[in-house]
Amino acid sequence: MTAPTSEPAVTAGERPRTPVAHRLRPRRNSFLQPRRSPLLSVLMTLVLIYCLVPLAWLLIAATKTQPEILSSFGLWFSGDFVLGDNVVQTLTYDGGVFVRWLVNTLVYVVVGAGGATLLATLAGYGLAHFDFPGKRVVFAVVLGAIAIPGTALAVPTFLMFSAIGLTNGPWAVILPSLVSPFGLYLIWTYATSAVPSELIEAARVDGAGEVRIFVTIVLRLLAPGFVTVLLFNVVETWNNYFLPLIMLSDPRWFPLTVGLNQWSTQANQPGGQPIYHLIVTGSVLTVVPIVLIFLVMQRYWQSGLTAGSVKA
Amino acid sequence: MVTVAPVRRTPRRVQGSSTRRWVGWGFLAPFAVVFVFTLIAPIAYAVNLSLFQERLIGGTVFAGLDNYRFALRDPQFREALWRVVLFFLVQVPVMLAVSAFAALALDSARLRWSALYRISLFLPFAVPGVIAALMWGFVYGTDFGLVGNLNSTFGLSLPDLLSSRWVLAAMANISTWAFLGYNMLVMYSALRTVPRELYESAAIDGAGTFRVVRSIKLPAMRPAFVITLVFSVIGSFQLFNGPNILRTLSPNTIGTNFTPNMYAFNLSFAGQQYNYAAAIAIIMGVLTAVVAYVVQVAGIRNGGAR
């Protein structure tokens with residue numbers, strides 16, 4: 001408190017403050033831009049190593065032949081570099097079933113995550129900019145649904161779907177992934193601030209219909225929120241395991257996650273065909289696209305997380 | 001054209017005042033339909049299913065709360081439930097402490113290349129749970145996994161992490177690995193909302209680093225703690241992927257009732273006991289929601305007392 005009181009101009013406003021800040025600069029810098037801490041770097045590097053070691057193991061293993069995976073040291077290369085060979089074998093094994101799983105996953109992601117994002121956007125905008133009968137009930141129900149974990153729903157959804165004969169087909173996986181209450185919540189908060197009511201009112205006065213307003217104006221304004229929700233939905237659908245596992249029995253409809261586990265089960269069965277190199281390479285092929293999406297779209301997940309942290 | 005337009009618009013507007021009230025539902029309808037079909041209906045169906053029993057004599061009969069009563073006394077279910085409670089009590093504090101440390105470290109501006117740490121620690125979150133479990137399963141292997149390598153290279157005798165004594169810790173490690181960075185980022189986002197001027201005035205007041213952490217940063221992280229704790233409650237109580245996948249590596253130590261979700265899954269598949277599986281799923285859903293709710297209320301109440 002000593003520094004500001006010695007300079008009464010501080011209270012006057014923004015401008016006179018500058019010289020004070022200037023005078024304090026060395027001190028302020030030392031706080032907002034403090035010196036590097038080696039201890040902190042060492043500790044954080046340990047955490048970093050912990051986070052990256054299993055991934056390093058996986059990547060390195062994908063470059064080895066199966067005997068080398070089983071015999072050599074896991075964190076260094078050994079024997080021939082057979083990554084390309086492993087990829088070809090993974091893609092062609094068992095009549096190319098991996099490619100089939102990849103296509104299934106892509107379909108589930110495009111239709112499921114894409115559809116979920118579209119439905120959440122429509123509904124979020126509807127909740128943010130319209131008054132309608134039952135709105136408060138809808139809001140309470142959706143907020144409550146955010147707390148229901150997907151895994152808790154998997155068994156009940158399976159029981160109902162099997163009663164009406166909807167299991168063991170792509171819709172059994174796609175339909176449940178079409179609902180994203182958290183996505184709706186994100187879009188709703190985003191739409192209240194990013195879409196000005198005056199703009200919509202002006203478009204209405206000009207005679208534009210509600211659908212046209214949505215497509216030409218609202219969708220454009222909501223684009224950043226839309227991408228954030230899409231990103232979260234894509235990751236969730238790509239990584240989905242419990243639901244497809246419980247819904248699907250025919251390997252032709254498996255996504256990558258369930259398929260890889262089937263390979264693992266097969267390899268670990270007594271007398272089963274050991275295909276560890278395929279499991280490892282298949283895992284790499286499954287991880288790489290989603291990690292790339294993550295890295296490229298960093299700024300979008302950051303905004304989603306901020307909303308999440310403010311939510312409670 | 002110019003004169004016609006207002007004339008046409010007027011009746012439309014008068015009409016609109018009654019129909020416009022329902023326009024919002026038009027936007028909501030697609031979501032609402034799927035929501036009812038894939039969320040409300042399954043829950044209602046499962047509740048209904050859980051009230052019946054299939055008996056050898058008499059077929060399917062209404063049983064009231066018998067399935068629930070049976071579950072509460074079922075040693076297999078209680079064992080599974082106790083295991084996830086233990087998991088929650090041990091794994092979550094460790095994970096959140098490391099996450100909080102990492103978030104504070106990132107926010108302290110004392111790290112060089114902080115973006116590298118931020119991205120690397122978050123990376124495991126993008127890895128599908130299935131692959132995380134498969135990968136760690138390989139690492140844990142005492143024959144050809146990393147643990148086995150370390151044992152033979154350095155003459156160590158690290159234990160078999162998939163033995164019954166260590167298997168829960170092995171799973172706790174996978175969950176910590178997967179969600180540490182996510183929790184860190186939620187906390188870090190909360191820290192970024194603190195106005196920088198506050199640190200400036202704290203520094204002027206002579207507050208040291210630890211004082212700033214205690215009096216400014218930790219309180220600012222409170223909402224983030226609440227939300228990460230809620231997610232952790234869900235993650236622990238609904239644990240499934242890790243144990244289900246590690247089971248293929250270690251079927252003798254990981255039973256079909258290792259977690260409540262695995263129990264419900266195996267009841268409905270191997271056992272075809274749909275009614276009882278539904279009751280277990282409902283109990284776990286309600287329990288998860290209640291604990292998550294209590295966490296939230298406690299977080300808000302303590303925040304208000306401050």
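All chains are named by letter (A, B, ...) in the order of the sequence lines, taking the proteins before the strands, and each is independently numbered beginning at 1.
- With sequence neighbours excluded, the residues forming a side chain to side chain donor-acceptor pair (under 3.5 Å) with Q266(A) are Y93(A), listed by chain and number.
- The minimum heavy-atom distance between S283(A) and I131(B), with the atom names listed, is O-CD1, 3.7 Å.
- In this structure, M135(B) CE and L59(A) CG are separated by 9.5 Å, a value rounded to the nearest 0.5 Å.
- In this structure, F158(A) has its ring center no closer than 6.0 Å to that of F265(B).
- The heavy-atom pair separating A145(A) from L39(B) by the smallest distance is CB-CD2, 4.1 Å.
- Here the closest heavy-atom approach between residue V155(A) and residue S268(B) is recorded as CG1-OG, 4.5 Å.
- Ring to ring, F161(A) and F37(B) are close: their centroids are under 6.0 angstrom apart.
- In this structure, F125(B) places its CZ atom where more than 12 heavy-atom neighbours from other residues, nucleotides or ligands lie under 6.0 Å away.
- For E236(A), the CD atom counts as loosely surrounded, since its 6.0 Å shell holds 12 or fewer non-hydrogen atoms of other residues, nucleotides or ligands.
- Of all heavy-atom pairs between A46(B) and P156(A), the closest is CB-CB, 3.6 Å.
- Here CG of N261(A) is found 5.0 Å from CD1 of I245(B). Values are rounded to the nearest 0.5 Å.
- Considering all non-hydrogen atoms of both residues, V287(A) and P128(B) come closest at CG2-CD, 4.1 Å.
- Of all heavy-atom pairs between F132(A) and G24(B), the closest is CD2-CA, 3.5 Å.
- Taking CG of N244(B) as the reference point, atom CG of L245(A) lies at 5.5 Å (rounded to 0.5 Å).
- Not a single donor-acceptor pair under 3.5 Å links the side chain of R36(A) to the backbone N or O of R110(B).
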May I have the list of side-chain donor-acceptor pairs in residues 41-52 of chain A shorter than 3.5 Å, sequence neighbours left out?
{"unit_1": "S41(A)", "atom_1": "OG", "unit_2": "S37(A)", "atom_2": "O", "d": "3.2"}
{"unit_1": "T45(A)", "atom_1": "OG1", "unit_2": "S41(A)", "atom_2": "O", "d": "2.5"}
{"unit_1": "T45(A)", "atom_1": "OG1", "unit_2": "Y117(B)", "atom_2": "OH", "d": "2.9"}
{"unit_1": "Y50(A)", "atom_1": "OH", "unit_2": "N173(B)", "atom_2": "O", "d": "3.2"}
{"unit_1": "Y50(A)", "atom_1": "OH", "unit_2": "N173(B)", "atom_2": "OD1", "d": "2.6"}
{"unit_1": "Y50(A)", "atom_1": "OH", "unit_2": "W177(B)", "atom_2": "N", "d": "3.4"}

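- Between the side chain of N149(B) and the backbone N or O of G74(A) there is at least one donor-acceptor pair closer than 3.5 Å.
- With a 4.5 Å cut-off on side-chain heavy atoms, L122(A) and F31(B) do not count as touching.
- Within a 6.0 Å sphere centred on CZ of F139(A), other residues, nucleotides and ligands contribute more than 12 heavy atoms.
- Relative orientation of the F27(B) and F130(A) rings is parallel, given thresholds of 30° and 60° on the angle between their planes.
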ring-ring contact (aromatic ring centres under 6.0 Å, His included) between F138(B) and W57(A), intermediate numbers included: CA-CA 9 Å; F138(B) 279 122; W57(A) 186 94; 5.2 Å; yes
